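Everything below concerns the one structure shown next.
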Number of protein chains: 2
Amino acid sequence: MPTKKPIRKKPQVTAAPARRRELLDTAAEVFAEQGYNATTVRKIADHAGMLAGSLYYHFDSKESMLEEILRSFLDELWGGYDAVLEAESGPRETLEALVTESFREIDRHRAAVAIYQKESKQLVAQERFAFLAESQRKFEKAWLSTLERGVAAQVFRADLDVRLTYRFVRDTVWVAASWYRPGGQHSPEEIARQYLSMVLDGIAVRE
Amino acid sequence: MPTKKPIRKKPQVTAAPARRRELLDTAAEVFAEQGYNATTVRKIADHAGMLAGSLYYHFDSKESMLEEILRSFLDELWGGYDAVLEAESGPRETLEALVTESFREIDRHRAAVAIYQKESKQLVAQERFAFLAESQRKFEKAWLSTLERGVAAQVFRADLDVRLTYRFVRDTVWVAASWYRPGGQHSPEEIARQYLSMVLDGIAVRE
DNA sequence: ATCCTTCCCTAACAAGTGTTTGGTAGGTTA
DNA sequence: TAACCTACCAAACACTTGTTAGGGAAGGAT
């Protein structure tokens, strides 16, 4: 009679996601604050009130935690973006909606956005994080086409380099995650409003 | 007769800075590309064509390399900024000059700017890098006062939150280091011109 | 010819890293 | 009561990390 190997069943993906989410949220906080590489699994465990090894009951690696954090963030992000894009409004309205949606995502996923911002450039090289590259392509396409539609419809200026403008707009929106604190002075909508006012009409006084 | 201790004289700060600068430049490239924590001294040594231990003939720690990279960058940056501020031009001219100078610094110190951008938030906590905090205060003061002067002189809009505007302007300028490549399509001056046009006059078509 | 300086190599160190293995307290199910 | 599952701990593992110590080749100075 062959002795049954006591294969340890780990919950990993299947089991009750309650505790997983909890741990992923604290991990995301530490990742965002200290940087992914500077964050040891022992630090994460400390913040979660357990020991380093215990994390491996829930996840099978530090990297898989990072992957799950970024995946779930991007899933929700594209939920919002796709809804905006499918509305097929005018270019100006689309741009306003995209910006507002972005600041809302920052409000909800501050940590994940900060991580994405800091680490994505190094991560895309690994095939495990190839989905980041795909997301970036979709992202660029959405914003660029909106800007180009606006130029064609003569609601955006034609004398600006569209690609440069895209980069400026994109960066300014997302770096907000580095200083934004939820529950602070400004709501995401208020920040979006001010930002749109600046980008659309400029900060100079008109004569 | 007391045996003379063979104290190893290291060049460190005194000696010919030629090789030092060379090594610091390659270190800065690797730091910028992979992130400070993810960069091992062995990687730096690889890029420099030597072994890890040999780096310690020139520097006394990995951290001191980072410090020297950031220090020399900030020194040169403030050389340019102070010149602009001492000119005491009008607020709009000052803002234009600050932006242009910033893009020039990105052109010259792409790697250092990228490092500063990524790591400064975590570094300021250490007393060794307290000079970063001081630089940030000077930085904020320079930009904020320029914006406020502009609002007072009615050349900048009064209905925008100055602090929010400052953050937007600051971030967009510096994140350019993450995608800018010297010798590319746009010169620093051209990028500055486009950026200023966008920020000052907006991207919307005027009626 | 000797000495000294410069610049690097070889080889190791201790500390910290992500991860694995076996165990176990406590609740749930049979 | 017995078997089982969940969620964690305790202790170690192999490896990488920044750093150090001693040595040596090359070349200029004396």
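This is a predicted model, so every value here is computed, not measured. Below, chain A is the first sequence line, B the second, and so on; all start at residue 1.
For A:A114, the side chain to side chain contact (heavy atoms under 4.5 Å, CB included) partners are A:A32, not counting sequence neighbours. Residues satisfying the side chain to side chain contact (heavy atoms under 4.5 Å, CB included) criterion with A:A97, sequence neighbours excluded, are A:V84. Remark: A:A133 pairs with A:V124, A:R137 by the side chain to side chain contact (heavy atoms under 4.5 Å, CB included) rule, at least two apart or across chains. The side chain to side chain contact (heavy atoms under 4.5 Å, CB included) search around A:A112 returns A:I69, A:F73, A:H109, not counting sequence neighbours.
Distance A:M50 CE to D:dA10 C1': 14 Å, rounded to the nearest Å.
A close approach under 4.0 Å does occur between a side-chain nitrogen or oxygen of B:Y56 and OP1 or OP2 of D:dT19. Phosphate contact (OP1/OP2 of D:dC8, side-chain N/O of A:H58, threshold under 4.0 Å): present. OP1 or OP2 of C:dC7 has at least one side-chain nitrogen or oxygen of B:Y57 nearer than 4.0 Å. Between A:R19 and D:dT6 there is no side-chain polar atom (N or O) within less than 4.0 angstrom of OP1 or OP2. Under 4.0 angstrom from either OP1 or OP2 of C:dC9 there lies at least one side-chain N or O belonging to B:S54.
Residue pairs meeting the side-chain hydrogen bond (donor to acceptor under 3.5 Å, both in side chains) criterion with at least one partner in residues 186-199 of chain B, sequence neighbours excluded, are A:R157-B:S197, A:D161-B:H186, B:R104-B:E189, B:E190-B:R193, B:E190-B:Q194. Listed by first and then second residue, the side-chain hydrogen bond (donor to acceptor under 3.5 Å, both in side chains) pairs that reach into residues 39-52 of chain A are A:Q34-A:K43, sequence neighbours excluded. Among pairs with a residue in residues 83-93 of chain A, those fulfilling side-chain hydrogen bond (donor to acceptor under 3.5 Å, both in side chains) read A:R92-A:E96, at least two apart in sequence or across chains.
By the 6.0 Å and 45° rule, B:K62 does not stack over the aromatic ring of B:F31.
Residue-to-nucleotide proximity on DNA chain C shows that, of A:G53 and B:A52, the 5′-proximal contact is made by B:A52.
At a non-hydrogen distance threshold of 4.0 Å, B:T39, B:T40, B:V41, B:R42 from residues 34-46 of chain B come into contact with DNA chain D.
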Give me, pair by pair, the N or O atoms of the protein and of nucleotides 25-29 of chain C that are less than 3.5 Å apart, along with how far apart they are.
none

